Amino acid sequence: MWLRGFSRGILTELSRAVTSEAGQAMARVYVSRRIPQEALRLLRDSGICDIKQWDSDDPVPRTELLKRVAGVDGLYCLLTEKIDKELLDAAGSNLKVISTMSVGFDHLSLEEIKKRGIRVGYTPDVLTNATAELTVALLLATARRLMEAVAEAKNGGWGTWKPMWLCGYGLSDSTVGIVGLGRIGLAVAQCLKPFGVKKFLYTDFEPKPEVAAEIQAEYVPLDKLAEQSDFVTVHCALTPETNGLCNKDLFSKMKKTAVFINTSRGAVVNQDDLYQALITGQIGAAGLDVTVPEPLPTDHPLFALKNCVILPHVASATIATRTAMALLTVNNLLAGLKDEPMPKELTL
């Protein structure tokens, strides 16, 4: 009873068990953030884990993380934790599984992880629909100038009806270019199709005829996609090949009325080049859910532009999706600790 007054974070430290009810040694697990209670309960109820947690909505400080991972068997992490040689050395040889609550894995030093024989779980599929929905919402908000319209309604700029006031760009009879026709790219196209899109173009590291057939999309080189598309939406993974892929060369080929949307990874876009394209009228508008860095400083010049809508990386932010991601992360972790097949394991 005397423990009742302690904070949740302190309780997390004090409730550490060494052995299971069966007398077996417990697997030591570190959880690097506050997560949905359903997921934490699943981890605790497994009966095989000695859990320590950074019980905060804010990222764990690097020094704290390096200290807490020492000797762990499993690590539950997020995109905000850089899992590199330094951290793996700090963890030591017991670490056998890393489970990240993300579909992206550019925060993981995969070569180092592979070299040490550590398994990796991640969370594809469960956030596809939420990300596609947010992409469409961001595209519409950007193209139809909704943020400007809300501001005008609030600040007294809403006067008499004017024929060309706050006119934006519509989807009907348009061409949409998709950079990366994976699960999310396909889902975005399926969401956009009922708006009367005339043509879908896509580019990827190779043609995907079976996937493309679902939306009657045409495979084209990136340059041709840029030249012909009214909307360009980016859904590729961040790799050395895609880092800075969307730069001044790409923007210079786009229509002056084109709308550019990125919900993949911030580093896929050269933000300085994007800024120049927006202020010079090289492209019409841009909507970003991801930036470099994150959070983007409030004095960043992109925030000053009316034709740029920036969201704080909320593509997967539905209660159901985030809970599903957390549960999948836990199930991946538990499977790895038990040397069983993971529901979603990254091939290294």
Side-chain angles (χ1 to χ4, degrees), residues 3-18 25-44 46 48-113 115-116 118-123 265-267 290-297 312-313 316-317 322-323 325-330 332-334 336-337 346:
L3 286 174
R4 188 170 294 168
F6 278 61
S7 72
R8 183 179 298 274
I10 295 174
L11 276 171
T12 301
E13 292 297 319
L14 292 179
S15 63
R16 180 172 179 266
V18 178
M26 303 279 273
R28 297 181 61 189
V29 169
Y30 188 71
V31 180
S32 69
R33 191 74 65 88
R34 181 177 296 151
I35 61 175
Q37 282 300 308
E38 295 94 324
L40 188 59
R41 191 177 305 118
L42 177 63
L43 191 59
R44 286 174 172 160
S46 70
I48 66 168
C49 298
D50 166 15
I51 307 161
K52 288 185 179 179
Q53 180 186 21
W54 178 252
D55 193 12
S56 171
D57 288 328
D58 295 319
V60 56
R62 179 71 174 183
T63 53
E64 176 76 6
L65 179 62
L66 291 174
K67 181 170 66 173
R68 295 302 179 184
V69 297
V72 299
D73 301 285
L75 173 62
Y76 181 126
C77 68
L78 279 68
L79 280 169
T80 45
E81 283 76 68
K82 189 170 182 60
I83 311 302
D84 55 10
K85 184 178 185 302
E86 180 188 34
L87 185 136
L88 296 171
D89 286 342
S93 59
N94 285 348
L95 183 59
K96 63 188 298 186
V97 56
I98 297 167
S99 191
T100 180
M101 187 177 161
S102 63
V103 63
F105 44 84
D106 45 279
H107 59 304
L108 308 178
S109 297
L110 298 182
E111 286 303 317
E112 281 291 331
I113 292 170
K115 187 163 56 178
R116 298 166 193 244
I118 300 169
R119 296 173 66 189
V120 176
Y122 70 135
T123 61
R265 285 289 178 267
V290 286
T291 61
V292 177
E294 291 185 1
L296 194 65
H313 201 154
S316 65
R322 291 286 172 83
T323 301
M325 289 174 69
L327 290 170
L328 178 54
T329 306
V330 168
N332 283 335
L333 182 64
L334 293 174
L337 291 173
L346 187 63

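Not measured: the values here are computed from a predicted model.
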**Working for side-chain contact (heavy atoms from CB on, under 4.5 Å), residues Ser109 and Ile83** = CA-CA 6 Å; Ser109 297; Ile83 311 302; over 6 Å; no

**Prompt:** For Lys52 and Val31, what are the C-alpha separation, side-chain angles and deciding distance, and is it a side-chain contact (heavy atoms from CB on, under 4.5 Å)?
**Reply:** CA-CA 6 Å; Lys52 288 185 179 179; Val31 180; over 6 Å; no

**Shortest non-hydrogen contact between Gly104 and Thr100, atoms and distance** = O-CG2, 4.4 Å

**Prompt:** What do the steps show when you test Lys115 against Glu112 for salt bridge (Lys or Arg N to Asp or Glu O under 4.0 Å), and what is the final call?
**Reply:** CA-CA 5 Å; Lys115 187 163 56 178; Glu112 281 291 331; 3.2 Å; yes

**Message:** Working note: Asp89 + Arg116, criterion salt bridge (Lys or Arg N to Asp or Glu O under 4.0 Å); need CA distance, chi angles, decisive distance, verdict.
**Reply:** CA-CA 10 Å; Asp89 286 342; Arg116 298 166 193 244; 2.8 Å; yes

**Request:** Carefully, step by step, assess Leu88 and Ile98 under the rule side-chain contact (heavy atoms from CB on, under 4.5 Å).
**Result:** CA-CA 10 Å; Leu88 296 171; Ile98 297 167; 4.1 Å; yes

**Asked** Passes side-chain contact (heavy atoms from CB on, under 4.5 Å), Tyr122 versus Asn332? Steps please.
**Response** CA-CA 7 Å; Tyr122 70 135; Asn332 283 335; 5.6 Å; no

**From OH (Tyr76) to CD1 (Ile51), nearest 0.5 Å** = 11.5 Å

**Item:** Atom pair CD1 (Ile113) and CZ (Arg119), whose distance is rounded to the nearest 0.5 Å
**Value:** 13.5 Å

**Message:** Looking only at side-chain N and O atoms, does Ser56 offer a donor or acceptor that is under 3.5 Å from a partner on Arg33?
**Reply:** no

**Complete:** Between Cys49 and Leu334, the two heavy atoms sitting closest are SG-CD2, 3.7 Å

**Message:** The test is side chain to side chain donor-acceptor pair (under 3.5 Å); show your working for His107 and Thr80 and say whether it passes.
**Reply:** CA-CA 7 Å; His107 59 304; Thr80 45; over 6 Å; no

**Item:** Gap separating the CG atom of Asp84 from the NZ atom of Lys82, nearest 0.5 angstrom
**Value:** 5.5 Å

**Request:** Write down the atom of Val60, the atom of Leu65, and the distance for their closest heavy-atom approach.
**Result:** CG2-N, 3.8 Å

**Message:** Check this for me, if you would: do Asp73 and Lys96 make a salt bridge, where the nitrogen-to-carboxylate-oxygen distance has to be below 4.0 angstrom?
**Reply:** no

**Closest contact, heavy atoms only, Val330 versus Ala39** = CG2-O, 3.5 Å

**Item:** Leu333 to Gly74 - nearest heavy-atom pair and separation
**Value:** CD1-CA, 3.9 Å

**Message:** With heavy-atom distances below 4.5 Å as the criterion, would you say the side chains of Asp58 and Arg34 are in contact?
**Reply:** no

**Complete:** Distance col, row Ser46:OG vs Leu337:CG, nearest 0.5 angstrom, shows 8.0 Å

**Prompt:** Looking at CD of Gln37 and OG1 of Thr323, how far apart are the two atoms once the value is rounded to the nearest 0.5 Å?
**Reply:** 10.5 Å

**Item:** Minimal non-hydrogen separation, Met101 against Thr123, with atom names
**Value:** C-OG1, 3.9 Å

**Message:** Working note: Glu81 + Ser32, criterion side chain to side chain donor-acceptor pair (under 3.5 Å); need CA distance, chi angles, decisive distance, verdict.
**Reply:** CA-CA 8 Å; Glu81 283 76 68; Ser32 69; 2.6 Å; yes

**Message:** Pair Glu64, Arg68 - check salt bridge (Lys or Arg N to Asp or Glu O under 4.0 Å), show working.
**Reply:** CA-CA 6 Å; Glu64 176 76 6; Arg68 295 302 179 184; 2.8 Å; yes

**Request:** Answer yes or no: is there a donor N or O on one side and an acceptor on the other, between the side chain of Arg28 and the main chain of Val72, under 3.5 Å?
**Result:** no

**Separation of Asp106 CG from Leu79 CG (nearest 0.5 Å)** = 6.5 Å

**Message:** Any non-hydrogen side-chain atom of Val120 less than 4.5 Å from a side-chain atom of Phe105?
**Reply:** no

**Request:** Starting from the C-alpha separation in whole Å, work towards a yes-or-no answer on salt bridge (Lys or Arg N to Asp or Glu O under 4.0 Å) for Arg62 and Glu86.
**Result:** CA-CA 11 Å; Arg62 179 71 174 183; Glu86 180 188 34; 2.9 Å; yes

